[in-house]
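Single-structure report; data block below.
Residue indices begin at 1 and follow the sequence shown. Being a predicted model, the structure only gives us computed values, none of them experimental.
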Amino acid sequence: MLMLMACVGDDEPEVRTLVVAGDPVPHFEVVLSDGSAVSSQSLLGSWYVLVFFDTSCNDCRRELPRLEQLHNLRPELPLLCISRGEDVAEVSAYWSENRFTMPYSAQPDATLYHRFATAGVPRLYIINSAGIVTAEYLESSIPSPDTLSGILP
């Protein structure tokens with residue numbers, strides 16, 4: 001039960017999606033694990049995938065390796081993995097342990113996450129070149145890497 005709560009959120013058990021397909025992506029700016037700065041503005045003109053996760057969440061632990069597969073299938077596609085309230089040391093250790101190569105941004109609080117939803121991870125958004133969310137998936141609804149690759153241009 002504790003792991004389930006970690007995936008949903010201890011302080012906000014009601015899962016509420018604030019951004020859905022058809023909405024403009026909320027403004028964000030993050031620094032990725034490779035040191036590069038990325039923002040919703042800098043990604044205009046490119047399709048990309050935005051994923052929120054928590055390394056203590058069982059659903060995230062199942063989906064993150066699948067997202068690494070997507071990253072390997074489509075290395076040219078920006079794939080931004082953003083933690084929901086985890087520091088760099090926690091996320092870095094998990095990435096190293098699993099030998100992930102996809103970039104991540106460790107966010108020590110859930111401020112950015114709460115622009116998109118109140119609870120529930122993993123949460124995946126596909127954003128088109130105009131900065132519009134074309135699809136949003138939560139937890140077990142995330143398609144396979146092959147299906148995601150086929151959805152994206």
L79 side chain near Y48 side chain, heavy-atom distance below 4.5 Å: no

Atom CG in L124, atom CD in E139: separation rounded to 0.5 Å? 12.5 Å

In the single-linkage hydrophobic clustering (I, L, V, M, F, W, Y; side-chain heavy atoms under 4.5 Å), do I151 and W47 co-cluster? yes

Angle between ring planes, F52 versus Y125, binned at 30° and 60°: parallel, tilted or perpendicular? perpendicular

Straight-line distance of E90 CD to S56 OG, nearest 0.5 Å: 8.0 Å

Any heavy-atom pair between the side chains of H71 and P103 that's under 4.5 Å? yes

Which heavy atom of V91 sits nearest a heavy atom of S83, and at what distance? CG2-CB, 3.9 Å

Tell me whether R84 forms a cation-pi arrangement with Y113, defined as NZ or CZ under 6.0 Å from the six-membered ring centre and within 45 degrees of its axis. yes

Look at the side chain of T17 and the backbone N and O of A117, then say whether any donor-acceptor pair between them is shorter than 3.5 Å. no

Counting N and O atoms only, with roles assigned by atom type, does the side chain of S40 sit under 3.5 Å from a partner on the main chain of F28, one being a donor and the other an acceptor? yes

Rounding to 0.5 Å, atoms SG (C60) and CD1 (I142) come to a distance of 7.5 Å

Ignoring hydrogens and angles, state whether a donor on the side chain of S140 or R62 is under 3.5 Å from an acceptor on the partner side chain. no

Hey, are the side chains of P65 and F100 touching, using non-hydrogen atoms and a 4.5 Å cut-off? yes

Tell me the closest heavy-atom pair linking P122 and D59, and the distance in Å. CD-CB, 3.4 Å

Measure the shortest side-chain to side-chain distance between I126 and L148 over non-hydrogen atoms and say whether it is less than 4.5 angstrom. yes

Linked, directly or transitively: Y137 and L70 (ILVMFWY side chains, under 4.5 Å): yes

Q69 CD to S149 OG distance, which is reported to the nearest 0.5 Å: 11.5 Å

Quick check: do V25 and V19 have side-chain heavy atoms less than 4.5 Å from each other? no

Tell me which pairs pass side-chain hydrogen bond (donor to acceptor under 3.5 Å, both in side chains) where either residue lies in residues 95-108, with sequence neighbours left out. E68-T101, S105-Q107

Is there a donor in the side chain of E86 and an acceptor in the side chain of T55, or the other way round, less than 3.5 Å apart? yes

Just by distance, with hydrogens left out, do D146 and S144 show a side-chain donor and acceptor under 3.5 Å apart? no

Decide yes or no for V51 and I82: does some side-chain heavy atom of the first lie under 4.5 Å from some side-chain heavy atom of the second? no

Can you tell me how far apart OG (S39) and CG (L80) are? Round to the nearest 0.5 Å. 10.0 Å

Going by heavy atoms in the side chains, are V38 and P78 under 4.5 Å from each other? no

To the nearest 0.5 Å, how far apart are CG in D54 and CZ in R61? 9.0 Å

Is it possible for you to say whether L50 and V121 belong to one hydrophobic cluster, with membership spreading through side-chain heavy-atom contacts below 4.5 Å? yes

If you group Ile, Leu, Val, Met, Phe, Trp and Tyr by side-chain heavy-atom gaps below 4.5 Å, do L112 and M102 land in one group? no

Do F53 and L67 have side chains that approach each other closer than 4.5 Å (heavy atoms only, starting at C-beta)? no

